[in-house]
Participant: 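Sharing a structure with you now.
Lettering of chains follows the sequences in order, A, B, ..., and the numbering in each one begins at 1.
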Amino acid sequence: MKKYIPHDIEPKWQQKWQKDALYSVDLDKSKNPYYLLVEFTYPSGDLHIGHWFAFAVPDILGRMKRMQGFTVFYPNGFDAFGLPAENAAIQRGIHPRDWTLSNIENMKKQFSLMGTIHDWGNSVITCLSNYYKWNQWIFLKMLEKGLAYKGKTLSNWCQHCQTVLANENVEAGNCWRCHNPVVQKEVEQWFLKITDYVQRLLWGEGGNGVDWPKALMEGQNNWIGKSQGQVIKFDGIEVFTTRQDTIFGATFIVISPEHPLLSKFVTFENKENVQKYLKSVQKKSELERKEEKVKSGVFTGSFVSNPLTGEQIPIWIADYVLMGYGTGAIMGVPAHDARDFEFAKKYDLPIKTVIQPAGHTDSPSPANQVPDQAYVLTKSKGKVLPKAGSYDLTKSKGKVLPKAGSYEGEGVMVNSGEYDGMSSNEAREKISNYLEEHHLGQRKVNYHLHDWSISRQRYWGTPIPIIYCEKCGSVPVPEKDLPVELPYEVDYHPTGKPPLATNEAWLNVKCPRCLGSAKRDTETMDTFVDSSWYFLRYLDNKNDQEIVSSKRLRTWMPIDIYFGGAEHTLGHTLYSRFFVKFLKDIGVVDFEEYAKKRVNHGVILGSDGSRMSKSRGNVVNPDEQVRQFGADAVRLYLAFIGPYDIVSPWNPSAINGVYHFLQRVWSLYDKIASIGNKLSSEDLRIMHKTIKKVTEDLEDIKFNTAVAVLMEWLNYLSRKENVTREEYKTYLLLLAPFAPHITEELWSFDKVYTERTCGECSRTSRSAQDQQIWSIHQQSWPIFDKQYLEEAEVAVIVQVNGRLRDILMIQKDILNDKEAVEKLARASQKVAKYLDGQTVKKVIHVSGKLINFVV
RNA sequence: GGCCAGGUGGCGGAAUGGUAUACGCGGUAGUCUCAAAAACUACUAGUCGCAAGGCUGUGAGGGUUCGACUCCCUCCCUGGCCACCA
């Protein structure tokens with residue numbers, strides 16, 4: 001037989017599959033629909049190995065599902081708006097649209113090398129107006145419901161990109177795209193009120209009825225950051241706290257530098273100091289503010305009274321209190337909050353202990369003591385070890401000694417009037433009730449999640465469908481006028497002026513209400529809007545009447561399995577859940593969660609163990625690998641490299657291993673017996689065991705072990721004298737999802753193919769229908785039969801005191817007979833050696849597994 | 001600082017209470033060959049032993065169990081994400 005040369009067979013079959021439209025899906029007529037989705041890609045222009053990992057490996061699951069009789073819809077598209085297009089265009093002088101569209105063409109070609117079942121007829125490209133029209137439509141619907149609003153806030157501003165960034169796009173104080181520092185700037189912009197959906201976005205105990213990774217659900221819940229507390233009035237200032245029980249220890253108030261009532265509290269004598277401080281704060285970027293080790297602040301000169309103690313306590317301004325969370329003001333409880341402690345120590349503010357760790361009431365009561373003698377504690381996983389005296393954070397024999405500081409745990413109330421002696425938990429309830437009864441505070445649930453700012457001062461995005469009229473104010477573009485097309489002719493170079501404002505013809509419009517002269521909104525939407533609902537549009541990409549037909553939604557949604565990167569835990573997957581919940585509320589969809597199962601994939605690192613990057617020179621080019629080993633080997637390698645969700649380095653010699661494996665499969669063809677051999681019971685057992693394991697492993701997203709059992713079976717088959725047609729055929733069918741090209745080629749060889757057509761169809765002539773069924777990928781997935789899995793003899797382990805002493809082959813019919821097995825075990829010399837002269841106290845028998853003598 | 005995921009041969013990993021190291025890579029030896037490559041065959045956790053066989057071994061220490069990589073407790077280390085969340 002000729003040699004296995006991937007390059008000779010892969011393009012051939014890819015063309016044939018395409019010609020016969022083998023994988024095309026009719027979205028209206030589909031039995032057993034199965035929606036397989038992988039996060040779509042940004043059209044950077046070049047497909048890297050990560051794309052292969054993301055798309056080619058789930059394709060294995062999709063192919064098995066197809067063979068199992070499902071209609072598998074595996075669409076692909078491009079998340080085509082965004083800054084890189086603009087940046088690249090600026091650098092190379094190509095228009096962002098041209099750059100993006102030509103990248104898409106190139107990447108589609110590269111995608112075709114993978115041999116996936118992708119259906120490009122139902123593709124989506126977000127930068128085309130038949131797509132982003134519906135971004136605008138959703139925006140208008142949200143506006144109608146009061147969920148889109150214009151607000152003015154301090155925002156992350158990238159000086160270099162001249163744009164506002166969401167918190168998620170600020171990495172360590174730098175812009176995620178250009179890596180320049182991000183500063184705080186007050187900007188007016190559009191927000192989507194995601195905070196209205198926090199309750200529904202929080203994941204419940206049962207995972208909201210869907211199978212999503214635990215880590216992702218926990219990550220989202222942490223990000224939403226629900227905390228139950230109370231807003232408490234200290235005269236004119238409202239503070240937010242979750243520790244009402246510490247209120248007797250509140251010895252000062254801190255307000256944020258951006259606090260709206262700030263000027264009210266600054267006394268004449270302190271004005272200069274405060275102004276100086278505020279100026280220094282403004283100069284700091286987010287990065288500097290976060291990295292600052294030492295807290296800083298300034299006294300306003302004013303005092304308020306503590307509602308429970310009646311004491312007059314000073315109001316300070318400090319930038320460790322953020323305007324964006326709670327009320328922008330806190331009560332400073334230095335004895336029980338590390339940040340307040342640090343602040344109090346620096347400015348010599350009183351520290352008053354009001355909670356002692358339970359069981360340590362005999363320790364010195366440290367009320368009102370000076371900071372250096374503070375009650376010093378170290379926390380050790382929930383347990384508290386009190387220590388008197390003061391320590392510094394010094395290392396001594398490798399151990400870190402406890403640091404002087406605050407005790408933040410629960411305990412027993414002290415120095416708190418009538419609450420003394422209560423548990424802090426109980427006191428928290430009592431104090432909350434007292435404050436509410438006296439109208440001094442209200443319980444409140446606070447969230448860390450902010451509304452989603454979607455305005456971007458950039459060109460390459462969806463125009464916001466709003467018109468500003470001098471008379472009517474801001475007027476939404478009427479639905480019939482959608483889409484608001486993104487103009488081609490603009491100056492998109494960063495000048496500080498929004499690019500869309502540079503096209504006068506586009507900018508100036510008539511007000512839809514009064515027909516007077518008006519101007520369009522010149523900003524574009526965050527690209528996360530585009531990716532928040534694209535999976536719906538795949539189902540109906542040409543529909544210009546509605547976002548997606550409800551019939552197709554009913555057939556296909558929710559998505560059966562959604563693969564993507566773990567880095568989208570806090571961005572894309574959260575936003576898209578929000579969008580889907582909104583679309584449910586306006587009656588577009590009828591489900592609450594859009595994907596039944598979510599799988600996070602891992603990352604392929606360079607062979608040096610660090611992230612692939614051009615500067616490190618460790619980038620693996622998939623096209624190059626395909627040239628060398630073929631697409632099948634690359635697919636198989638990526639499936640075999642390890643568990644699908646881990647981070648693993650590229651191993652250049654391991655791909656040789658799977659290539660070698662495919663060659664062995666190829667040459668196994670020569671071992672097919674010309675005369676039909678009978679399968680032994682062992683042959684059958686191994687075959688059915690393999691079918692079972694491959695099927696179950698693919699279902700469980702364990703691609704690596706599925707490949708391993710196929711290798712094991714190949715090792716078994718290679719050791720045999722002859723391989724029967726049945727075995728070989730089954731082997732190819734099981735391997736087909738992993739290596740679609742080589743299996744198609746081998747399937748097409750007469751011996752295998754004829755056997756199928758003659759054996760199962762007609763012996764005389766092939767019917768027309770049969771001629772259409774030519775591909776291995778149109779065959780049914782093998783089904784295992786339980787009866788073949790059992791062995792006539794089972795290996796039973798014999799242990800003495802839990803140590804392995806012998807392995808016996810026991811006939812199936814006496815497996816459950818403890819006495820018979822025990823007798824056989826005792827007869828073994830290897831076992832008898834250890835039982836000689838010993839009294840057997842106990843015999844443990846696990847049927848079909850082991851027998852253990854306890855002496 | 002918080003949360004999460006991990007720690008198993010020379011390497012990637014397998015095994016989630018019952019033969020630890022499947023499968024693959026790498027390595028060693030052999031077959032074939034004028035030779036090399038490829039392919040094939042055997043071996044490949046450590047240690048003692050000529051062998052039969054024994055002992056040790058899944059980050060460290062303890063516990064539960066007839067039996068622990070697996071469950072529980074304490075600790076160490078690595079990676080990821082979030083981080084002045086009041």
Participant: Quick one: look up who B:U28 pairs with, Watson-Crick or G-U, both distances under 3.5 Å, and put none if it's unpaired.
Facilitator: B:A42
Participant: Can you pull the side chain to side chain donor-acceptor pair (under 3.5 Å) pairs that have at least one residue in residues 232-242 of chain A, sequence neighbours excluded?
Facilitator: none
Participant: Protein within reach of the bases, or only the backbone? For nucleotides 15-20 of chain B, mark each nucleotide 5' to 3' as B, S or -, using heavy atoms under 4.0 Å.
Facilitator: S--BB-
Participant: For B:C69, give the paired nucleotide (Watson-Crick: N1-N3 plus N6-O4 or O6-N4; G-U: N1-O2 and O6-N3; both under 3.5 Å), or none.
Facilitator: none
Participant: So, using side chain to side chain donor-acceptor pair (under 3.5 Å) as the criterion, who are the partners of A:Gln628 when residues are at least two apart?
Facilitator: none
Participant: How are the rings of A:Phe53 and A:Tyr644 set relative to one another: parallel (under 30°), tilted (30 to 60°) or perpendicular (over 60°)?
Facilitator: tilted
Participant: Should the ring pair A:Phe629 and A:Tyr659 be called parallel, tilted or perpendicular, given that the plane angle runs from 0 to 90° and is split at 30 and 60?
Facilitator: perpendicular
Participant: Under 4.0 angstrom, heavy atoms only, what part of the nucleic acid is A:Tyr834 near: base, sugar-phosphate, or nothing?
Facilitator: sugar-phosphate
Participant: Measure all distances between protein nitrogen or oxygen atoms and nitrogen or oxygen atoms of nucleotides 41-47 of chain B, and list the pairs falling under 3.5 Å.
Facilitator:
none

Participant: Using both distances under 3.5 Å as the test, list the Watson-Crick or G-U wobble partner of B:C84, or none.
Facilitator: none
Participant: If only side-chain N and O atoms count, and only distance matters, is there a donor-acceptor pair under 3.5 Å linking A:Gln199 with A:Tyr447?
Facilitator: yes
Participant: Could you give all pairs that pass the salt bridge (charged side-chain N to carboxylate O under 4.0 Å, His left out) test and reach residues 705-722 of chain A, with sequence neighbours left out?
Facilitator: A:Asp683-A:Lys720, A:Lys720-A:Glu727
Participant: Within the structure shown, what part of the strands sits under 4.0 Å from A:Leu710 by heavy-atom distance: base, sugar-phosphate, or nothing?
Facilitator: nothing
Participant: Centres of the A:Trp452 and A:Phe528 rings: under 6.0 Å?
Facilitator: no
Participant: Base contacts versus sugar-phosphate-only contacts with protein, heavy atoms under 4.0 Å: please encode nucleotides 25-33 of chain B as B, S and - from 5' to 3'.
Facilitator: S--------
Participant: At less than 3.5 Å, do the side-chain atoms of A:Lys295 and the base atoms of B:C84 form a donor-acceptor pair?
Facilitator: yes
